[in-house]
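Each remark here refers to the structure printed beneath this line.
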There are 2 protein chains.
Amino acid sequence: MEYKKELQRLIVDIKTNHLPSVSIDCVIFGFHQGQLKVLLLRWKNTDDWCLPGGRIRKDENMDAAAHRSLRERTGLHEIFLQQFHTFGDINRYRHYSQSETMAKLGLPEDVAREVISRDISVGYYALVEFANVVPTPDLLTDECRWWDVQQIPALLFDHNEMITLALKTLRRQLSYQPIGYNLLPEKFTMPDLQQLYETILGESMDRRNFQKRMLSYGILERLDERKTGGAHKSPYLYRFDKEKYEKALETESLFTA
Amino acid sequence: MEYKKELQRLIVDIKTNHLPSVSIDCVIFGFHQGQLKVLLLRWKNTDDWCLPGGRIRKDENMDAAAHRSLRERTGLHEIFLQQFHTFGDINRYRHYSQSETMAKLGLPEDVAREVISRDISVGYYALVEFANVVPTPDLLTDECRWWDVQQIPALLFDHNEMITLALKTLRRQLSYQPIGYNLLPEKFTMPDLQQLYETILGESMDRRNFQKRMLSYGILERLDERKTGGAHKSPYLYRFDKEKYEKALETESLFTA
DNA sequence: AACATAGTGTGTATCGGATACACATTGAAT
DNA sequence: ATTCAATGTGTATCCGATACACACTATGTT
C-alpha cells in the first residue's frame, strides 16, 4: 500500500511541522464565459466535494500558507488573496454528520482523526485568471475542477456557508475597491468588465452608465487597439493602470455605490 | 508562592482544556465624555499594556470564547462583538522584541513559553456601554482600565496594529450598519449620537443634516421626554427601536454614506 | 456590392439624496 | 427681564446616479 504510506507520512509531517487546531480554507473564484466559478476538490473514491485547504507550517506566516495552498491547487504565483472570516464553531458539519463524513472519507481511523479534528479555520478568498489555472488535486483528493457558483452541490463540512460568505464579502468589496485585475486577462473590453461586475453582483446594469462610472475611477487605460472577431462594431481594449489600481485598493476611498 | 501555584494551574488548564496555537484578542471600545476609549490591561509588575485576550476551550465555540473573555474583563453579558481579522504572522513583536517581551513579562521560562508561544490570533472588537463596565484584571495582569484611543501607548506584541485595524473596520461598518445601541445609554439625545459618530469617524458634521440622515434610517424613536440640566434649550431624548435596529444590522442595506 | 444586424461609442435630460445654510425657540445663568 | 448658547426645524442648491436616444461599424447575408 504505497498510498497508505504516503498518507502516514503526511500525517507525521502535519503533526511535526504544522500548527495544530488551525487550518486554512480557500474559496478560489474564477471567471469564464460570463459565469463566476469556484474551484473544488473531490475526495478520493467519493462523489463528495469540498474547498481546497491547507495547514500552516510552524515557520510560516499564515498568509504565506494560504498562498502556498493556492499555488499548489492552481499553479499560480501572484494572486489576489484575502482573508474574509475565521470559522470557529465546534460543529462544522452540515449536510453530513461527523460520522457520515468520516465514513465518506473512508480513511483509517487514526488518519481521519487527524484530518478532520476540531479546527479553527481561517477562510480566504482568491480571485484568479481562469485561463491560467491548472487545477491540481492533492494527496487526499481525486479531482480538482471549476464549478459554476450557481450549481455548487452539497459540500462536506460547512464549506457551502464559506462560499456564501466569501461571495458576500466579495460583493461588498466591490463597493469600495476596484476589482478585475486578477480575474480578467491583461487586455479586456468594457463589456468584459461589465459582465464581470454583473456576474459577481448578480444584476444587470446600464451599459453607458457603467462605462462612465468605471472611467471616472481613473484606473483604466484605453488602448489604441480594438478587439476584432465579433460580428459587430469592434470594442476598444482597456487595461488597468496598475499603479492607480493598487492605490485604489489601499485607500479604499474612490468608490461609493 | 501562592501566585506561582495559580500560574501553574493556569498553564495546565490551558494545555489540557484549550486549543493550542490559537488565541483571541479583544478590542473593547467604550464611549465617554466625547472620547472613544479602549480597555487595556497592564501586565503584572510592569508598565506595559496590552489588549485583553483569551483562549478557546476545546468544547466551546470560538465566538463563545470571545464573549467569555469580554464578560470576564467587563462584567457585561450582552455585548456587540464582532470578529474583524485574524493575525497569523510568525513575528508579532513590534515595539519590543521577543526576548525583551519575555523579560518584561517576568514569567518563569516554562510559563512564558506557554503564554507567548506562536499563536494565530483571532481579533474581535466589541462595543460596550462605558458606564456599565467594571474593568477587571486577570491572573497575569495588575490593572485594567480605559484608555483614550488618541493616547494609547506602545503596546506589547502587535496590539497597536490590532486597535488600528479594529477602528478602521468599525469606521467602515458605520457606512452600512447602524451603531450606538451598545455604546450609548438607553435614552440619549441627538447631539449625543452625533458626538459618537464624530468621535468614531474623527470628523465633524452638520447638525441638521446629521439629524435628517439618522431619522431617515427609521431606527430611532423620539420620546416625549427632554434632557434637562444643560444651560440651554433642552433636547429631545431618543432611543433605538430594537427590532428595526436589529433588522438593519442584518440586512446591511439601509445605509450608504 | 449593397444591405441587414447586433453590438459598440457617445451625449443629454432628469431625478434624488447629500450638502450648505438661516431663523425661531428655549432653558439656565446673570 | 435679559443674555447666551445650544436646540428644533425648513429650504435652496449641488452633484452624482439614473434613464434614455442616436450614430457608427465589423461581420454575415443576399
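We name chains A, B, ... by the order of the sequence lines, and we start the count at 1 in each one.
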Options [options], nucleotide nearest the side-chain atoms of [X]:
{"X": "A/Gln211", "options": "C/dG9, C/dG27, D/dG8", "answer": "C/dG9"}
{"X": "B/Asn209", "options": "C/dA20, C/dT8, C/dT10", "answer": "C/dA20"}
{"X": "B/Ala231", "options": "C/dT8, D/dT7, C/dA29", "answer": "C/dA29"}

Is the positively charged end of B/Arg226 above the ring of B/Tyr236, judged by distance under 6.0 angstrom from the centroid and angle within 45° of the axis? yes
Cation over ring, B/Arg239 on B/Phe188, under 6.0 Å and within 45°? no
Measure the distance from [atom1] on [X] to [atom2] on [N] and round it to the nearest whole Å.
{"X": "B/Leu193", "N": "D/dT7", "atom1": "CG", "atom2": "P", "answer": "13 Å"}
{"X": "B/Arg226", "N": "C/dG27", "atom1": "CZ", "atom2": "P", "answer": "6 Å"}
{"X": "A/His232", "N": "D/dT29", "atom1": "NE2", "atom2": "P", "answer": "12 Å"}
{"X": "B/Lys212", "N": "D/dT7", "atom1": "NZ", "atom2": "P", "answer": "17 Å"}
{"X": "A/Asp206", "N": "C/dA13", "atom1": "CG", "atom2": "P", "answer": "17 Å"}

Pairwise side-chain hydrogen bond (donor to acceptor under 3.5 Å, both in side chains) hits with a residue in residues 24-35 of chain B, at least two apart: B/Asp25-B/Ser121
Under-3.5 Å donor-acceptor pair between A/Arg208 side chain and D/dA17 base: no
Please name all residues satisfying salt bridge (charged side-chain N to carboxylate O under 4.0 Å, His left out) with B/Arg42, sequence neighbours left out, ordered by chain then number. B/Asp142, B/Glu143
Nearest heavy atom decides the nucleotide; on that basis, is A/Arg207 or A/Gly230 closer to the 5' end of DNA chain D? A/Arg207
